[in-house]
A.B. asks: 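Below is one structure. I have some questions about it.
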Amino acid sequence: MAKGRELKGRIKSVENTRKITRTMEMVATSKLKRATDRVMAARPYATAIAETIANLYSPELAERFPLLRQPATIRRAAVLVLTSNRGLAGAFNANLIKEARATIAKLEREGSEVELHVVGRKGVGFFRYVGRAVATTRTDLGDRPSATDASSLVDGLMDGFIRGQLDAVYVISSRFQSVLSTPPASERILPVAAPEVKGARRDYLLFPSAEELLTQLLPAYVRNAVYRALVENEAGFQAAQRNAMKNATDNAGEILTNLRRTYNRARQAQITQEIAEIVGGAAALE
Amino acid sequence: MLNVSVVSPERTLFEGQAESVVAPAFDGEVGILSHHAPMLTLLGSGRVRVRSAGGEQQFTVAGGFLEVADDRVRVVTERAETV
């Protein structure tokens, strides 16, 4: 029964694979919970700072802030691509890279020079493979990115923008809309697009002055945009990994059903054949 | 009564009712009681003290701003720790 043994081996192997994918699914589920909590926890700060800037912003003030400078032509732009360090997450990284290439291509068509900053081993690996020059790479961010990580990523870019070496900065990351929807998106974080005022403006007593407050708040706003991108990207990654592993586990189950059916059929066929042989043998003796 | 919240980019450190808030503004401490006029001020570094009937809670902050409007106080800072 050579075929039977071979089938048994394959059943065992698929069972083992399913154990691994199921475990990874459960790990991703618990990490996803933590990551979404962090996305939610980041919201009050983001709302507070956006509301306050919207309240202080006025077009007359805007001209005095380098971060609000709207260059007429974009000669040089920076693109910050966030990817994950690990794989087994379906098309997660492929989607981000596709979005990044589309943004780069669009900027280059418009005649700007693009410098690329890549976060995550998957993105670094890809751009090295296609042989594209990359300005900086980071692969040391864990699954709990902090506000400090965000500022270390963006402070240099903000400096470049203020000094006029860069005319625009884009961030490519996945938006966390829900567990099943984490589309890649490209967001321009510099120059800062002032948030809209919701409802009526309030008259605040301002200390020391609107100008001084904006000087402090605009960089914080930009840093927070990057922090938000980092936490949403992480949550998106965990969601993608969970879905990929869930599909893998489901598929393994399906394959197992088929393999077991084939195995049992082969076993029964053999038994039938053996009985036929015995009956045949006994008949020959009579 | 004041509705107070202390938020950093990563989390909300405090949210609840309080009688007074003392915060380190850029040029010295400010104290806030209910019916304060709407105000926005930059913060320096130091301790924020939130006093309520149940006692006092302290947070160290560095930078950011404080907003008061309609008896709602928001301390919004990039770096904050509960003491």
Side-chain angles (χ1 to χ4, degrees), chain A residues 34-35 37-57 144-155 199-232 234, chain B residues 2-18 21-46 48 50 57 59-82:
Chain A
R34 220 172 55 194
D37 286 349
R38 289 166 63 81
V39 172
M40 298 306 162
R43 293 218 168 127
Y45 180 86
T47 327
I49 200 159
E51 279 175 15
T52 309
I53 289 178
N55 233 305
L56 291 171
Y57 176 82
R144 298 171 70 174
S146 67
T148 323
D149 293 332
S151 64
S152 72
L153 280 171
V154 77
D155 281 352
R201 263 164 197 272
R202 295 196 67 105
D203 274 325
Y204 285 102
L205 300 168
L206 302 172
F207 299 102
S209 63
E211 202 170 336
E212 200 57 42
L213 277 157
L214 277 177
T215 310
Q216 300 283 325
L217 294 190
L218 286 171
Y221 183 68
V222 175
R223 280 194 289 271
N224 188 57
V226 175
Y227 174 70
R228 213 196 54 228
L230 281 176
V231 288
E232 287 203 19
E234 178 59 27
Chain B
L2 296 164
N3 261 316
V4 184
S5 62
V6 180
V7 297
S8 78
E10 287 165 27
R11 63 206 176 96
T12 302
L13 288 94
F14 178 85
E15 189 154 35
Q17 302 242 309
V21 176
V22 177
F26 69 102
D27 58 350
E29 292 207 312
V30 288
I32 292 153
L33 296 169
S34 54
H35 306 298
H36 197 289
M39 173 177 86
L40 269 173
T41 177
L42 279 179
L43 294 178
S45 47
V48 171
V50 180
Q57 270 189 286
F59 308 91
T60 51
V61 299
F65 66 95
L66 176 141
E67 180 199 18
V68 193
D70 307 326
D71 282 348
R72 197 174 53 121
V73 181
R74 275 202 294 209
V75 177
V76 181
T77 171
E78 280 193 85
R79 263 165 300 162
E81 275 318 317
T82 307

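Basis for what follows: all heavy atoms, side chains included, without hydrogens, waters or symmetry-related copies.
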A.B. asks: Need one label for Arg228(A): side chain, backbone, both or neither, based on atoms under 4.5 Å from any heavy atom in chain B.
C.D. replies: neither

A.B. asks: Let me know if Ser151(A) has heavy atoms under 4.5 Å from chain B in its side chain, its backbone, both or neither.
C.D. replies: neither

A.B. asks: Is there a side-chain contact between Tyr227(A) and Glu10(B), using heavy atoms and a 4.5 Å cut-off?
C.D. replies: yes

A.B. asks: Can you say whether Val30(B) sits under 4.5 Å from chain A via the side chain, the backbone, both, or neither, judging by heavy atoms?
C.D. replies: neither

A.B. asks: Count the heavy-atom pairs under 4.5 Å between each of Ala69(B), Ala37(B), Pro38(B), Ala25(B) and chain A, then report the option with the highest count.
C.D. replies: Pro38(B)

A.B. asks: With a 4.5 Å cut-off on side-chain heavy atoms, are Val76(B) and Tyr45(A) touching?
C.D. replies: yes

A.B. asks: Could you measure the distance from the CG atom of Leu40(B) to the CG atom of Asp203(A)? Nearest 0.5 Å is fine.
C.D. replies: 11.0 Å

A.B. asks: How many angstroms lie between CG in Leu217(A) and CG in Leu42(B), if you round to the nearest 0.5 Å?
C.D. replies: 6.5 Å

A.B. asks: Quick one: what part of Ser5(B) sits under 4.5 Å from any heavy atom of chain A, side chain, backbone, both or neither?
C.D. replies: neither

A.B. asks: At what distance, to the nearest 0.5 angstrom, does CG of Leu213(A) lie from CZ of Phe26(B)?
C.D. replies: 8.0 Å

A.B. asks: Counting N and O atoms only, with roles assigned by atom type, does the side chain of Glu78(B) sit under 3.5 Å from a partner on the main chain of Ala220(A), one being a donor and the other an acceptor?
C.D. replies: no

A.B. asks: Does any backbone or side-chain atom of Asp37(A) lie under 4.5 Å from a heavy atom of chain B? Answer side chain, backbone, both or neither.
C.D. replies: neither

A.B. asks: Side chain to side chain contact (heavy atoms under 4.5 Å, CB included), that's the test. Do Asp27(B) and Phe207(A) meet it? Break it down for me.
C.D. replies: CA-CA 9 Å; Asp27(B) 58 350; Phe207(A) 299 102; 5.7 Å; no

